[in-house]
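Read the structure below first, then the notes.
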Amino acid sequence: MSKEGEHHHWRGRWAWPHSWEEAEGFLKRIAMEVREEPLPWAPHWLVGVDVAYGVTRAFAGVAAYDLEKASVAASWVVPGVPPWPYRPGFFFLREAPLVLAALKGLPKRSVVVLHGHGRAHPLRAGLASVVGVLLELPTIGCAGSLLCGEATEPGAAAGSWSPIWWEKRRVGAWVRTKAGVKPVVVSVGHGIRLQEAVHLVSTASVYRLPQPLREADRLARQVMRSCGG
DNA sequence: GCGACAG
DNA sequence: ATCTTGTCGC
């Protein structure tokens, strides 16, 4: 990845943060731009993105899952360099630059699902919201655990879910994607309704995480290992 | 002050 | 997250 975001069309409108302090202001502005609204069309693709990290390089895996055929139709990997260390609440600083570069040229009617949070974030704007707002794409956050908020345990059956509350707002859903397995945290990233996000994640799941995310993760790791980290 | 804390 | 294959249990 070269100088973060330099070549993207959103340069100018959004100055990429260069400190933790700037990152906080950046997220607050992203949060104000997030729209929680119905998708403008019936989605055809659920595109999963995940990044695997080696010693010096990182690899973003992307998997386009055809919702009708219930299978991954295309996948690719984009190499880069992780510019920031991980810090809870600022995961986007580490992951977003490479993810943004990897999501070029998606087909129409694509919804992107990211391995992290959207509105279920202390500032109500996690990685999925950053990517959604900057690329003006519908995005969903899907994470393995809560960063903030509270929820009651959903029922044991696959598909059941309960709302997640944070500062008196409903910021996400705790979703049982597989019977008897720990629920995942689903939240709106941008341009979609929580209900639709929950439905898409549930529909695309066989195991705990939705298929496009599993495939993106598997592919990114595979390529990373074949490239020697 | 201490613990918790997406990946 | 990552080091790491098979194995134990429902």
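Numbers restart at 1 for each chain; the letters A, B, ... are given by sequence-line order, proteins then strands.
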Contact class for [X] vs. all strands (heavy atom < 4.0 Å): base, sugar-phosphate, or nothing?
X	answer
Arg225(A)	nothing
His117(A)	base
Gly89(A)	base

Integer-rounded Å distance: [N] [atom2] and [X] [atom1]:
X	N	atom1	atom2	result
Phe90(A)	dG7(B)	CZ	P	17 Å
Leu93(A)	dC5(B)	CG	P	21 Å
Leu127(A)	dA6(B)	CG	P	13 Å
Ile140(A)	dA6(B)	CD1	P	21 Å
His115(A)	dA6(B)	NE2	C1'	8 Å
Trp20(A)	dC5(B)	CH2	P	18 Å
Asp217(A)	dA6(B)	CG	P	17 Å
Glu150(A)	dC5(B)	CD	P	13 Å

Exercise for the section: For the residue pair Trp20(A) and Trp84(A), categorise the inter-ring angle as parallel (less than 30°), tilted (30 to 60°) or perpendicular (more than 60°). Expected result: perpendicular
Practice task
Apply salt bridge (Lys or Arg N to Asp or Glu O under 4.0 Å) to Glu33(A) and Arg13(A), showing your working.
Solution key: CA-CA 12 Å; Glu33(A) 296 291 319; Arg13(A) 180 150 192 251; 3.6 Å; yes
Exercise for the section: Answer yes or no: is there a side-chain heavy-atom contact under 4.5 Å between Ser187(A) and Ile164(A)? Expected result: no
Practice task
Compare the aromatic ring of Tyr86(A) with the six-membered base ring of dG7(B) and state whether they stack according to the 5.5 Å and 30° rule.
Solution key: yes
Practice task
Evaluate whether atom NE2 of His199(A) has more than 12 neighbouring non-hydrogen atoms of other residues, nucleotides or ligands under 6.0 angstrom away.
Solution key: no
Problem - dA6(B) phosphate, OP1 or OP2, under 4.0 Å from Arg87(A) side-chain N/O - result: no
